[in-house]
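Below you'll find the structure, written out as structure tokens, and then a few comments.
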2 protein chains.
Amino acid sequence: MAADRGAGNSTVLLILSVLDQGERYGYELIRELERRSEKVFQFQEGTLYPVLHRLENQGYVTAERKTGENGKERRYYRITPAGKKQLAAERESWARFSAAVNRVIGGEQHAFS
Amino acid sequence: MAADRGAGNSTVLLILSVLDQGERYGYELIRELERRSEKVFQFQEGTLYPVLHRLENQGYVTAERKTGENGKERRYYRITPAGKKQLAAERESWARFSAAVNRVIGGEQHAFS
DNA sequence: TTGACATACCTAGAGATTCTAGGTATATTA
DNA sequence: TAATATACCTAGAATCTCTAGGTATGTCAA
């Protein structure tokens, strides 16, 4: 709805938040987001991989192909300084958005760090 | 991201929330959402009107054409019982979604009514 | 009275995002 | 050896929002 880009790209917020805690590979991200959200987020691979590629093109993450401890090839993603900046912006955006929704629907109001 | 339809349709939640407090016409909804969200939501007419028509087709709202006190033709929308049910579901969905985002990004956790 | 502006509605087409539904390949386990 | 989990990928469909127009009326100032 303009003005802020709203939710919609909460996907990027979620991915960068996890990567901010350390490198991850795509498949791992999907399972970790499912676990940490208690099944609320169940990203499809067809959703996640294209987003990761886009983030790489935008310079928010870098990728490195490595063989995991189980012998399988994986692409590990790390957040870049530009990605950290973007993450801060998205956190701010989410805080504003969710507070606004809560104001409109009459829910309680909160401050996020 | 499936499992819940996530944010995305927060537009419907917002519209039904306002209509739950009384009938409104489209143009009025845009300005009221802008005001109540403190400028965070700035819906375009090209976004809002098609959504209202969809809600009408789905039976969540009814519309009635009336001439306003300023002499202009307006379409007033009212929420239906089915719309109230849908609103309750969307509130629940939003509560789950926003709590999950906050868990993942490390923000505080809240309970919504 | 004429022009500008706000009100009030509408739609077609473009753009962005996510899902569906496939595909490939390797390692483990039955 | 067959099934399953891991791990990556993409094309096309579906959905939603935005852009960018359009129409029409009422008010107010020049």
May I ask you to evaluate whether [X] reaches the phosphate of [N], defined as a side-chain N or O under 4.0 Å from OP1 or OP2?
| X | N | answer |
| --- | --- | --- |
| A:Y49 | D:dC9 | no |
| B:N70 | C:dA6 | no |
| A:H53 | D:dT10 | yes |
| B:R65 | C:dC9 | no |
| A:Y25 | D:dA7 | yes |
| A:R31 | D:dA5 | no |

What's the closest nucleotide to the [X] side chain, out of [options]?
| X | options | answer |
| --- | --- | --- |
| A:Y77 | D:dT17, C:dT17, D:dC9 | D:dC9 |
| A:T11 | D:dC9, C:dT18, C:dA8 | C:dT18 |
| A:Q44 | C:dT20, C:dC10, D:dC9 | C:dT20 |
| A:R54 | C:dT11, C:dT17, D:dC8 | C:dT17 |
| B:T47 | D:dT17, C:dA8, D:dT10 | D:dT17 |

Any donor-acceptor pair under 3.5 Å linking the side chain of A:R74 with the backbone of A:G68? no

Can a donor-acceptor pair be found, under 3.5 Å and without considering hydrogens, that links the side chain of A:R24 to the backbone of A:G22?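 Flag set: sc A:R24 to bb A:G22 pair under 3.5 Å.
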
Report yes if a donor N or O on one partner sits less than 3.5 Å from an acceptor N or O on the other, where the partners are the side chain of A:E73 and the base of D:dC8; otherwise report no.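 Side chain to base: no pair present.
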
Within the 4.0 Å heavy-atom criterion, would you say B:G26 contacts the bases, only the backbone, or no part of the nucleic acid?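 The answer is sugar-phosphate, as B:G26 gets under 4.0 Å only of primed atoms, P, OP1 or OP2.
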
Please classify the nucleic acid contact of A:E28 as base, sugar-phosphate, or nothing, using heavy-atom distances under 4.0 Å. nothing

For a side-chain hydrogen bond (donor to acceptor under 3.5 Å, both in side chains) check, start with the C-alpha distance between A:Y76 and A:E64, then their side-chain angles and the critical distance, and finish with the verdict. CA-CA 5 Å; A:Y76 283 88; A:E64 191 191 353; over 6 Å; no

By nearest nucleotide on DNA chain C, pick out whichever of A:P50 and B:R74 is the more 5' one. B:R74

Between A:V51 and B:Y27, which residue's closest nucleotide on DNA chain C lies nearer the 5′ terminus?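 By nearest-heavy-atom nucleotide position, the 5'-most residue is B:Y27.
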
Can you name the one residue among B:V61, B:L87, B:L55, B:D20 that meets side-chain contact (heavy atoms from CB on, under 4.5 Å) with B:I15?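 The residue from B:V61, B:L87, B:L55, B:D20 that satisfies side-chain contact (heavy atoms from CB on, under 4.5 Å) with B:I15 turns out to be B:L55.
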
